[in-house]
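Everything numeric in this text was worked out from a predicted model, so none of it was measured. The first residue in the sequence is number 1, and the count goes up from there. Indexing begins at 1, ligand by ligand and atom by atom, following the structure's order.
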Amino acid sequence: MQAKNIDEFVRENAPCYIYQKEIIDKSCQKLQEKFENIEFLYSIKANPFMPVIKTIKENGIGSDAASSNEVLLSIKAGMEKNQIYYSAPGKTMEDLQKAWDKCIFIADSFHELDLLEKLAKNHGEILEIGIRVNPNYSMTDKKAHSSKFGIDEDKIFSFDWTYKNLKLVGLHVHVQSQILDTNLLSNYYKNTYDLAVKFSKLSHADIKFINFGSGIGVAYDKKNEDDVNLDILAKTMKDLYEKNKNELGAKFLIESGRFLVMDSGTYYTPIIDKKYSNGKTYLVVKNAMNGFVKGPMKEMLKQALGYECKKAFEPLYTGKNQCEFEIIGENSQKEIVDIGGHLCTSLDLLASDIELKKANIGDILKVSNAGAYCFSLSILHFASHDLPKEFLI
Ligand SMILES: *Cc1c(COP(=O)(O)O)cnc(C)c1O
């Protein structure tokens, strides 16, 4: 579709998300070309729209499923059992049963190991599983931290393995998302490989895969941020993989949500009212908080602090320049506006004091960087409005 046709299309369909297949394909290919011998997994929670998952599957990428329903979505998209890694805290027996024989399970706690043992025993099988470890390092230091995710590194090396129906074949680590510092990521990969070597010496472990988790960030603010240097990162991974060939012979996995889909998506919503209140100009749009919650989150932090928040709170708030707003309309003059949504709460504020092209009722507001953690994260059902539509073009 040409840009002009997209404008016509969104006038008919907004509020809507449009994801561009070509951009997703390119992002998949970029990672796969740079990183030889590494398998990538798509973190479905970033964007679970089925045509998006299918696009990624067609590029030969498997999934990082964060719920039993995401395991089922992966299967529906045509992925194979051995490409689907189910890792999340708090899996219940019901979840495990639902996902049984459809994925590789990553145990997140001792309780989960007990549940998996029971399930495997009932099926009369020896089940190969991975464990998520809460490592004695973070992205920025080499200390133990408390976490709701995984099993503490020290405990992994000190407890007795009594599971007769489980075989430990993999390690999963993930400590932080949206890292743009190449050195931090390189060090993190090295630390994770060292942990895997230590892990492989456990008498009950026969390590077949190392899942390095995610971390590769994307520059949301192209003026002030640089993307990760993938060449340097790929070189680190290549060196580790060469070592691994002699030492462990394990498969290397990296997860990614946002890198694959973030900039493929744009959000469009119609301006349905315009008002002037005691010196301020307001645009009222459909589905702000109940369609693009990242905007209202940013405004809430700004109000609480009195200035724009510097720290990110992934995935709800990515930084002060997490997206750009633009008016699709006829005017060329500019004005300063607040953009509010149609919900009955003052928190439903998409942006404040921003300069945009002067808008008329009926024009369309366009929001960039909307491919990851936007629709799926929003507070969709408040006030029972219709939901934005989604399209892959
Ligand atoms: C959310 C999540 C990811 C994806 O993170 P991105 O920053 O979108 O790449 C990967 N792994 C785990 C375990 C996650 O929870």
What protein heavy atom is closest to atom 14 (C) of ligand 1, reported as residue, atom name and distance in Å?
-> Lys45 NZ, 2.9 Å
List, by chain and number, the other hydrophobic cluster members for Phe382, where Ile, Leu, Val, Met, Phe, Trp and Tyr join if side-chain heavy atoms come within less than 4.5 Å, directly or indirectly.
-> Met289, Val293, Met297, Met300, Leu316, Leu343, Leu347, Tyr373, Leu377, Ile379
Connected hydrophobic set around Tyr317, excluding itself, where side chains approach under 4.5 Å = Leu301, Phe313
Centroid-centroid distance, Tyr19 to Phe391, less than 6.0 Å | no
Just say parallel, tilted or perpendicular for the rings of Trp100 and His123, cut-offs at 30° and 60°.
-> parallel
Are the charged groups of Lys235 and Asp231 less than 4.0 angstrom apart, N to O?
-> no
Sub-6.0 Å ring centroid separation between Tyr193 and Phe212 = no
For atom 4 (C) of ligand 1, what's the nearest protein heavy atom and its distance?
-> Ser43 OG, 3.2 Å
Residue part near ligand 1, for Ile216, under 4.0 Å between non-hydrogen atoms | neither
Starting from atom 9 (O) of ligand 1, which protein heavy atom do you reach first, and at what distance in Å?
-> Ser214 OG, 2.6 Å
If you count the atoms of ligand 1 from 1 in the order shown, which ones are under 4.0 Å from a heavy atom of Arg132?
-> 13 (C)
Quick one: which ligand 1 atoms are inside 4.0 Å of a heavy atom on Tyr373?
-> 1 (C), 4 (C), 5 (O), 6 (P), 8 (O)
Measure centre to centre between the rings of Phe159 and Phe110, then say whether the value is under 6.0 Å.
-> yes
Numbered in order shown, the ligand 1 atoms found under 4.0 Å of a heavy atom of Gly257 are 4 (C), 6 (P), 8 (O), 9 (O)
Specify the protein heavy atom at minimum distance from atom 11 (N) of ligand 1: its residue, its atom name, and the distance to 0.1 Å.
-> Glu255 OE1, 2.5 Å
Atom 5 (O) of ligand 1: the protein heavy-atom neighbour that sits closest, reported with distance to 0.1 Å | Ser177 OG, 3.1 Å
Would you mind finding which of His174, Gln176, Glu314, Arg258 brings a heavy atom closest to atom 13 (C) of ligand 1?
-> His174
Step by step, work out the salt bridge (charged side-chain N to carboxylate O under 4.0 Å, His left out) result for Glu128 and Lys208.
-> CA-CA 10 Å; Glu128 295 198 338; Lys208 295 184 182 172; 2.7 Å; yes
For ligand 1, which atoms sit closer than 4.0 Å to a heavy atom of Ser256?
-> 9 (O)
